[in-house]
Amino acid sequence: MIPRMTTVGTLKNYRYDLNRSNNTMSKAMNTVMTERAFNSYAEDPAIATRCFQLRRSYQRAASQLTVNDSLYRKYNQAWSALEEGSQDIYSISNDPVFGSLIRGLNGADASGRNALGQSLEAKAKNLVQIMNGRHGENYVFSGADTLNVPFTWEPRENPDYIDPAIAQAKLDEEAANPGTLTPEEVEKYQGAFQYVAAGGKLTNNVEEAETVAKVNTDPNIDFTQPSAVGNEWYLNEKGEPVVDAADAQLIPRENPAYDKEKNTAFQYLTSNGEPTNKASEAQTVLCYRGVPVDANPDTEDGKKLAYFLGETKNLDVGLGHKEKDSEAVSSTVFNSALQGIYYLGGTGTKEITVTVGEGADAREVTREVPNNIVSVISRMGEILQRCSNEDGSFSGEDEEEFIALAHQFEDQKDLYIQRRAELDTETGFLRDNSLILTDTAESLSQQFLAMEDVDPAAAITDYMYARYCYDAALKVGNSVLSQSLMDYMNF
């Protein structure tokens, strides 16, 4: 059956075909402009899903690459810092005065010991400055706490010191609620005060202390016989024994609970172990994140240092990050927490036995020395600065301690170099891992781009053909629809 041809029907078909040509041309033009094979998920669900998976993998790899590169720069800076520090350490070993001290010689180099001591202290401080370096705004060797300076020099605390304010608060609490403290604790806190004031008040201010007659401590005095004639129980201002307390020298009344040997009222200790309340006179000790690095493991400070050494800051650098019991598996992550005390030899102290002297004068001595190489260098510097200015001779047991420290320095120097090599290995791993991640990211990028992107030349060719078809459709319309359909059929 032949369909009936009408003007309306022909015009409708023409418009439909013209719109289809226009849509085809528009899509071809969008392809040329976007250079993409599809612009929505609905256009090609299968390819779009695969591209999404590839892009997600690419973003993960790119993120891992960014983290890895940042870590590599940090580790590279850390290795450079340790390399710079090794120059100071080697310079100590190569110093002729230090060499003569190790060999036990007392020749022409002896007079240079004070200068070497000053140099050693300067090198110790320089090492700390190197270890306090930053990577951007973060400290390199501060472990997981990268916002606070890792190493500081602090006054040496007296382990027997009791803060008077804390002691007074404890004693006040005991007075208000008897039984709060044990008798031992009461005596301990009373020992924080050196004097007794009027009314039994405890104080460390000598001007507040109650004055009493100075007692004669002559062991021949029989204090059990108060009525005995001739017992001169007191001493006057000239130190002469007198019988009458009114003639005796008046002195501050001492608190019997105060322990002069422990010096509980003094907060600091000098390099000789003498008590002082002046921070400027105290020996300076190296602290890591506020904790003395020479603290032994069984102390509270030692436990804090052990915690610092064990803390981690795990990052995903493309090792197949996995978790077990809410904890990251160590082999699948990278620990970015660089503990400065680890690279300087560790914490605490150890006993070392060395031979001092030669021939018949040779003797073995055991001394407790720090494990941290900076503490070792600093302590050697302090001892050498106490040597005689004239002949460089040691005083007291300083020579024995110095020889022990010198042997410890040689051991810790080797450990420092070993741990610097460990850091170099980790830095090399990050460098190689960066290359692997870069290749992975590029491979993933090429895969999804091959599916998403189109060949520009082919896209332009398709667009030109679609444009030709559209122009042809317009020309047909101009030539056919310009005259009436009936006239066309009659002709």
Side-chain angles (χ1 to χ4, degrees), residues 154-219 221-226 231 233-235 245-246 248-285 287 289-307 347-349 368:
E154 303 292 344
R156 181 184 175 189
E157 294 282 349
N158 178 6
D160 298 315
Y161 171 72
I162 302 175
D163 189 338
I166 296 177
Q168 189 62 59
K170 294 289 185 180
L171 294 174
D172 291 344
E173 185 179 356
E174 170 65 18
N177 301 291
T180 303
L181 302 176
T182 64
E184 292 78 10
E185 290 176 326
V186 171
E187 184 177 2
K188 169 187 173 183
Y189 290 119
Q190 287 177 343
F193 303 94
Q194 188 171 0
Y195 306 109
V196 180
K201 176 186 175 182
L202 299 177
T203 180
N204 278 317
N205 188 349
V206 67
E207 296 179 356
E208 296 179 354
E210 183 180 17
T211 55
V212 294
K214 187 175 182 180
V215 177
N216 186 355
T217 57
D218 187 342
I221 298 295
D222 186 3
F223 291 96
T224 64
Q225 302 295 328
N231 281 348
W233 292 354
Y234 306 102
L235 295 176
Q249 177 187 3
L250 295 180
I251 59 173
R253 181 181 172 187
E254 294 278 351
N255 174 16
Y258 177 70
D259 193 336
K260 291 184 178 180
E261 293 183 358
K262 289 187 175 181
N263 297 302
T264 54
F266 294 90
Q267 188 171 0
Y268 308 112
L269 295 177
T270 66
S271 59
N272 294 325
E274 298 174 355
T276 179
N277 271 322
K278 295 181 179 180
S280 59
E281 298 176 353
Q283 177 190 17
T284 55
V285 296
C287 294
R289 291 162 67 173
V291 181
V293 299
D294 300 334
N296 285 314
D298 56 345
T299 64
E300 288 298 322
D301 286 341
K303 293 175 182 178
K304 290 181 182 178
L305 292 173
Y307 173 79
T347 63
T349 60
E368 189 173 10

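In this chain, numbering begins with 1 at the start of the sequence shown. Computed from a predicted model, the values in this text were never measured in an experiment. The basis for the numbers below is simple: all heavy atoms, side chains too, and nothing from hydrogens, waters or symmetry mates.
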Any donor and acceptor pair, going by atom type alone, linking the side chain of [X] with main-chain N or O of [Y] inside 3.5 Å?
X    : Y    : answer
E174 : L181 : yes
N255 : V196 : no
N296 : T349 : yes

Listed once per pair and sorted, the side-chain hydrogen bond (donor to acceptor under 3.5 Å, both in side chains) pairs that draw on residues 161-170, sequence neighbours left out: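 Every pair satisfying side-chain hydrogen bond (donor to acceptor under 3.5 Å, both in side chains) with a residue in residues 161-170: Q168-D172.
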Could you measure the distance from the [atom1] atom of [X] to the [atom2] atom of [Y]? Nearest 0.5 Å is fine.
X    : Y    : atom1 : atom2 : result
L250 : T211 : CG    : OG1   : 4.5 Å
N277 : Y268 : CG    : OH    : 8.0 Å
E157 : Q267 : CD    : CD    : 5.0 Å

Those residues that, when tested against R156, pass salt bridge (Lys or Arg N to Asp or Glu O under 4.0 Å) (two or more places apart):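 Residues passing salt bridge (Lys or Arg N to Asp or Glu O under 4.0 Å) with R156: none at all.
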Any residue meeting salt bridge (Lys or Arg N to Asp or Glu O under 4.0 Å) with E210, in chain and number order, not counting sequence neighbours: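 Once residues adjacent in sequence are excluded, the partners of E210 under the salt bridge (Lys or Arg N to Asp or Glu O under 4.0 Å) criterion are R253.
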Closest non-hydrogen atom pair between [X] and [Y], with its separation:
X    : Y    : result
P297 : K303 : O-CG, 3.7 Å
I162 : A167 : CG2-CB, 3.9 Å
T180 : E185 : O-OE1, 4.4 Å
L305 : P292 : CD1-O, 3.2 Å
V285 : P155 : CG2-O, 4.2 Å
F193 : L171 : CE1-CD1, 4.1 Å

Set of residues satisfying side chain to side chain contact (heavy atoms under 4.5 Å, CB included) with respect to L235, sequence neighbours excluded: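 Per chain and number, L235 pairs via side chain to side chain contact (heavy atoms under 4.5 Å, CB included) with K214, N216, P241.
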Test side chain to side chain contact (heavy atoms under 4.5 Å, CB included) applied to T270 - qualifying residues, sequence neighbours left out: N272, E274, T276
side-chain hydrogen bond (donor to acceptor under 3.5 Å, both in side chains) against E208, all qualifying residues, sequence neighbours excluded: T203
Within-4.5 Å side-chain heavy-atom neighbours: Y195 and V206: yes
